[in-house]
Amino acid sequence: MTLPPLRHCADPYPCWPGRQQLFPSKAPNSAVRSPRNAPSTGLSHPWLRIATGAAAVFLMAGCATTPPSNPENICEIFREKSGWHKAAAKTQRKWGVPPQVTLAVVYQESSFRHDALPPRRYLLGFIPWGRVSSAYGYAQAKDETWADYQREAGGWFASRDNFSDALDFMGWYMDKAQRLNGTSKWDAYGQYLNYHEGWTGYRQRSYDRKPWLKRVAAGVQKRAERFGAQYRSCKNNL
C-alpha cells in the first residue's frame, strides 16, 4: 500500500512529524460491499467510522495556526482567533493569570509562531552545532520544564505547538512563581523574570547581572499594560 504524503500545517513543518493516513481507502476483506458506482469511503464498519472521526478531531486539534494578522492588538487577535480567546479565558479561570500577561509573554517568546525555536549554536563561528537550548513552541518551554508540567498538570498528550496547552503551561508556571516567590500573576515584569531565569534564579536575583533582560521584561510589562487596556475595551463583545 502506498502511503499518501504528509499533511502540512505550516511548511516546512508537518502538524505532527511522521503523521500519516491512519486507515486505507477501503477496509481489507470487508464483508460489506459498497453500492455500485458509489464512492468507497472505507468506513463501512461502525468502529472504523468512530476511530477515523476521533483521529480527524485529533489531527485538527494538533494543527497549529499562523500568527495573527495584527499581533499588536489583543482585541484583533481574539477576533481573528476565537479559540485563542477561549484558551486565554480558560487559563485565567484555572490559574488566575490574566490574558494580557500570557499573551504579552507569548509575543515576546515566539511572536505567536507555533514552531518557534531558539537561535542556533555555531562551532568556529560558521558550522551549525545545534540550538542554544531545547526551548520550543509558542511558550518556548524547555524539555525538562515541559516534562514537569506534563507530569504535574498538563498530561502526556499536551503539546508545545498547541496554543491552549502553551497558555495552560504558562498559567501553571506563573501560579508556581506566585506560590514560591510571591510574584503577582498580574505583574508581567516579575513574572517574565521568573519565566526567563527560573524560580530559583529569580529568588537569587540572577537578573540583576543582566541589564538587557530587565529591559526586555520592562517591554513585556508595557505590552501587557497595553493589551490589558485593549482587552477591557472589547472583552464584553468577543
_Less than 6.0 angstrom from the centroid, inside 45 degrees of the normal: does R160 satisfy that with respect to the ring of F169?_
no
*Positive for side-chain contact (heavy atoms from CB on, under 4.5 Å) with P211, one of R209, K214, R215*: R215
*If the plane angle is over 60° it's perpendicular, under 30° parallel, otherwise tilted; pick one for Y195 and Y173.*
perpendicular
*Report the C-alpha separation of T183 and N194 in whole Å, then their side-chain angles, then the decisive distance to 0.1 Å, and conclude whether the side chain to side chain donor-acceptor pair (under 3.5 Å) test is met.*
CA-CA 8 Å; T183 309; N194 271 276; 3.0 Å; yes
*Stepwise, does the side-chain contact (heavy atoms from CB on, under 4.5 Å) test hold for V97 with M170?*
CA-CA 8 Å; V97 183; M170 285 187 172; over 6 Å; no
_Quick one, D161 with S159, criterion side chain to side chain donor-acceptor pair (under 3.5 Å). Give me CA distance, side-chain angles, the key distance, then yes/no._
CA-CA 5 Å; D161 59 10; S159 172; 2.4 Å; yes
*Are any side-chain N or O atoms of T145 and backbone N or O atoms of A141, one a donor and one an acceptor, separated by less than 3.5 Å?*
no
*Any chance the rings of H196 and W212 have centres within less than 6.0 Å?*
yes
*asked:* I'd like to know if the side chain of D187 reaches the main chain of Y189, judged simply by a donor and an acceptor atom lying under 3.5 Å from each other, with no hydrogens or angles considered.
replied: yes
*When hydrophobic residues are tied together by side-chain contacts of less than 4.5 Å, even through go-betweens, does W186 share a cluster with L193?*
no
*Verify whether the ring centers belonging to Y149 and W146 lie closer than 6.0 Å.*
yes
*Check whether the ring centres of Y231 and H85 lie less than 6.0 Å apart, and answer yes or no.*
yes
